[in-house]
Protein chains: 2
Amino acid sequence: MIKTPYLLFLGDAPDQLAAKVAIGIKDWRPENAVAQFRMEGCGADLGIADMSLQEAKDAGAKTLVIGVANRGGIISEAWKVVLKEALSMGYDLASGLHNLLRDEADLVETAAKFGCALHDVRIPSVQYPIANGIKRSGKRCLTVGTDCSVGKMYTAMAMDAEMRKRGLKSSFRATGQTGILIMGGGVPLDAVIADFMAGAVEYLTPDNDADHWDHIEGQGSLFHVSYSGVTMALIHGGQPDVLILGHEPTRTHMRGLPDYQQPSLEELRDMALALARVANPACQVVGISVNTQHMSEAEAISYLAEVEERMGLPTVDPIRIGAGRLVDAIQAL
Amino acid sequence: MIKTPYLLFLGDAPDQLAAKVAIGIKDWRPENAVAQFRMEGCGADLGIADMSLQEAKDAGAKTLVIGVANRGGIISEAWKVVLKEALSMGYDLASGLHNLLRDEADLVETAAKFGCALHDVRIPSVQYPIANGIKRSGKRCLTVGTDCSVGKMYTAMAMDAEMRKRGLKSSFRATGQTGILIMGGGVPLDAVIADFMAGAVEYLTPDNDADHWDHIEGQGSLFHVSYSGVTMALIHGGQPDVLILGHEPTRTHMRGLPDYQQPSLEELRDMALALARVANPACQVVGISVNTQHMSEAEAISYLAEVEERMGLPTVDPIRIGAGRLVDAIQAL
């Protein structure tokens with residue numbers, strides 16, 4: 001686990017988009033975000049306090065999280081000045097960059113000198129077991145999508161937040177680097193060795209109280225040929241009790257695959273449910289999460305109503321409307 | 001690629017079962033098996049010539065293949081005497097052991113000194129791409145099973161052998177260590193990083209002549225929760241034109257999963273075909289391969305006839321009966 005709370009390092013992020021990870025942390029775990037650290041020329045702003053390393057340290061920050069995509073795929077010398085100073089003050093570092101902290105000799109040396117940890121959340125730090133398929137106690141919810149990047153993480157985050165708001169027992173279980181940094185832990189599933197994928201998901205969602213819900217972050221899509229194996233491992237390793245269908249209706253083709261079309265929600269429902277019932281015969285589809293960010297308010301409302309009517313399931317955009325009705329559906333089980 | 005032909009190292013194998021890899025090579029690529037090398041106390045015998053390292057070298061052998069499971073998970077000092085002598089004579093070494101050749105400092109040093117290669121076929125040696133899903137030329141056949149270890153590799157090997165016997169263009173494409181050692185190349189799919197599994201299968205089965213058939217070695221099962229993600233990647237990365245259903249009828253539960261039952265052949269057919277058509281809408285199921293090794297001849301014949309009648313597809317045991325009718329089905333397309 002990564003020590004919380006964080007100082008969020010935005011560096012010289014060219015724009016708001018580059019600070020996606022930091023924005024996710026600030027939105028979903030504001031209690032983990034003590035402040036932001038911006039360098040000269042930074043074009044991103046989280047709307048929280050700017051602090052120096054010392055000020056944030058005094059305010060309780062334990063880890064400096066690189067919440068920004070780096071330029072040119074390298075950790076620049078300008079960044080390193082800050083990162084090394086942070087290590088010398090006792091901060092751990094955490095990053096989801098492809099360019100690993102552990103591959104930078106001077107950072108490794110400085111971290112060792114001051115007894116600090118370097119967390120590269122893209123790389124598994126655990127030898128996961130092979131899945132055993134044994135039924136676990138507690139409840140699990142998984143969002144499966146018609147495509148990649150349709151809002152599966154946000155759906156799970158929003159459902160978890162809503163359940164906790166209602167005083168229910170709930171955890172978000174991160175399977176990607178952004179989710180892991182937000183939560184301070186999880187499994188970077190796309191970097192796990194094939195044989196251990198489903199076992200990693202079992203490890204991530206262990207036995208729990210009978211009335212506790214894990215909201216497992218989905219990945220890929222059963223219909224996306226590049227990543228469907230990862231989705232399959234989530235469905236069988238997660239043994240979900242409940243599936244939410246995720247969809248982004250304005251796509252003209254599958255993400256990154258111009259020759260492939262998104263399946264219908266009906267096709268997704270039938271395929272995902274049949275596969276999920278291999279691991280959990282009681283699994284049900286209870287709702288639909290639509291990402292309407294590229295639609296007007298009127299278009300979105302009309303589209304959600306149309307899908308709800310057609311599919312006979314509560315249909316929401318958890319960002320635009322909230323995840324309350326998805327949680328209602330779980331509570332009604 | 002591993003240099004062929006081989007001298008097959010059986011070491012001090014306690015029994016025939018321990019020499020499974022060597023038996024596979026001798027059965028399926030006898031032209032790759034110059035001779036066997038047995039140490040004192042060896043309880044296995046391939047029924048081919050015994051030769052010394054020098055005799056096999058003179059007969060053309062280029063690689064010493066460890067065709068045996070090692071005792072206690074270690075490469076023993078007794079083995080190493082032979083392995084180092086082989087390296088000093090210019091042999092490459094190849095192994096599918098969990099205990100890697102590359103982790104033995106003395107073997108690494110000896111190999112470097114004599115300019116020889118150490119092939120650990122369990123470990124990917126290539127940075128595979130992410131799958132792009134683009135339709136490739138040539139034809140592909142994949143066996144999908146109701147369970148793991150139902151004879152998918154043997155089915156693919158037998159179909160490949162039969163097609164080549166008929167003068168048709170055909171390749172076996174190995175995805176596991178035994179198959180890789182038999183063929184001298186392939187992809188160790190269960191050891192590939194999750195994000196690259198489907199891309200590794202695309203890499204393994206590239207564009208080819210329009211009338212060429214790849215027989216892709218299957219892995220796992222869509223219904224085996226530990227490994228279904230690997231199977232999924234084979235179905236989407238392989239974009240098969242043809243599926244063969246594989247089955248072992250005497251199992252009382254899924255291999256290693258006492259709480260899970262095998263699906264029916266109908267369930268397997270419907271699930272696998274729907275998923276395969278995501279990548280190749282023209283995909284068809286054309287035959288069934290049953291592993292009847294645990295049945296009497298009479299039981300087997302009766303069972304095969306019953307399944308053939310029920311499923312309306314040619315149904316054979318490729319070991320007991322041959323794969324001819326499966327190849328007939330492909331030729332009839």
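So that the names make sense, note that chain A is the first sequence line, chain B the second, and so on, each numbered from 1.
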Engineer: Measure distances from B:F223 to the heavy atoms of chain A and classify the residue's part below 4.5 Å as side chain, backbone, both or neither.
Structural biologist: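 Both backbone and side chain of B:F223 come within 4.5 Å of chain A.
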Engineer: Which one wins on heavy-atom pair count under 4.5 Å against chain B: A:L222, A:D195, A:I130?
Structural biologist: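 Of the candidates given, the most pairs with chain B belong to A:D195.
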Engineer: Do you know the tightest heavy-atom contact between B:Y260 and A:V278?
Structural biologist: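 Between these two residues, the closest heavy atoms are CE2-O, 3.2 Å.
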Engineer: Could you have a look at A:G199, A:G220, A:G229 and say which one has the most heavy-atom pairs with chain B under 4.5 angstrom?
Structural biologist: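 The candidate making the most pairs under 4.5 Å is A:G229.
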Engineer: Check this for me: A:R122, atom CZ, are more than 12 non-hydrogen atoms of other residues, nucleotides or ligands nearer than 6.0 Å?
Structural biologist: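 Enclosed.
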Engineer: Would you mind telling me which of B:S226, B:A191, B:G256 has the largest number of heavy-atom pairs within less than 4.5 Å of chain A?
Structural biologist: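 Looking at each of B:S226, B:A191, B:G256 in turn, B:S226 comes out on top.
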Engineer: Verify the neighbour count for atom NE2 of B:H98: are there more than 12 heavy atoms of other residues, nucleotides or ligands below 6.0 Å?
Structural biologist: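 Count not over threshold, so no.
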Engineer: Taking atom OH of A:Y227 and atom CZ of B:F196, what is their separation to the nearest 0.5 Å?
Structural biologist: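 Those atoms lie 8.0 Å apart.
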Engineer: Looking at A:L17, I'd like to know if its CG atom is crowded, meaning that more than 12 non-hydrogen atoms belonging to other residues, nucleotides or ligands lie closer than 6.0 Å.
Structural biologist: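 Check fails, neighbour count at 12 or below.
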Engineer: In the structure I gave you, are the side-chain heavy atoms of A:I235 and B:V225 within less than 4.5 Å of one another anywhere?
Structural biologist: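 Side chain of A:I235 against side chain of B:V225, heavy atoms only: no contact under 4.5 Å found.
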Engineer: Between B:E202 and chain A, which part of the residue has a heavy atom less than 4.5 Å away: side chain, backbone, both or neither?
Structural biologist: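 Contact with chain A: none, neither part.
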Engineer: Under a 4.5 Å heavy-atom cut-off, does chain A meet the side chain of B:L275, its backbone, both or neither?
Structural biologist: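 For B:L275, backbone and side chain are both near chain A.
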Engineer: So which residue, A:V230, A:V192, A:L257, ends up with the most heavy-atom pairs under 4.5 Å with chain B?
Structural biologist: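 Sorted descending by pairs with chain B, the first entry is A:V192.
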Engineer: What heavy-atom pair brings A:H224 and B:H236 nearest, and what distance separates the two atoms?
Structural biologist: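 Looking at all heavy atoms of both residues, the shortest contact is O-ND1, 4.5 Å.
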Engineer: Provide the closest heavy-atom pair for B:M197 versus A:A194 in the form atom of the first, atom of the second, distance.
Structural biologist: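 That would be SD-CB, 3.4 Å.
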Engineer: Heavy atoms, side chains only, cut-off 4.5 Å: are A:I193 and B:I193 in contact?
Structural biologist: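 Yes, their side chains come closer than 4.5 Å.
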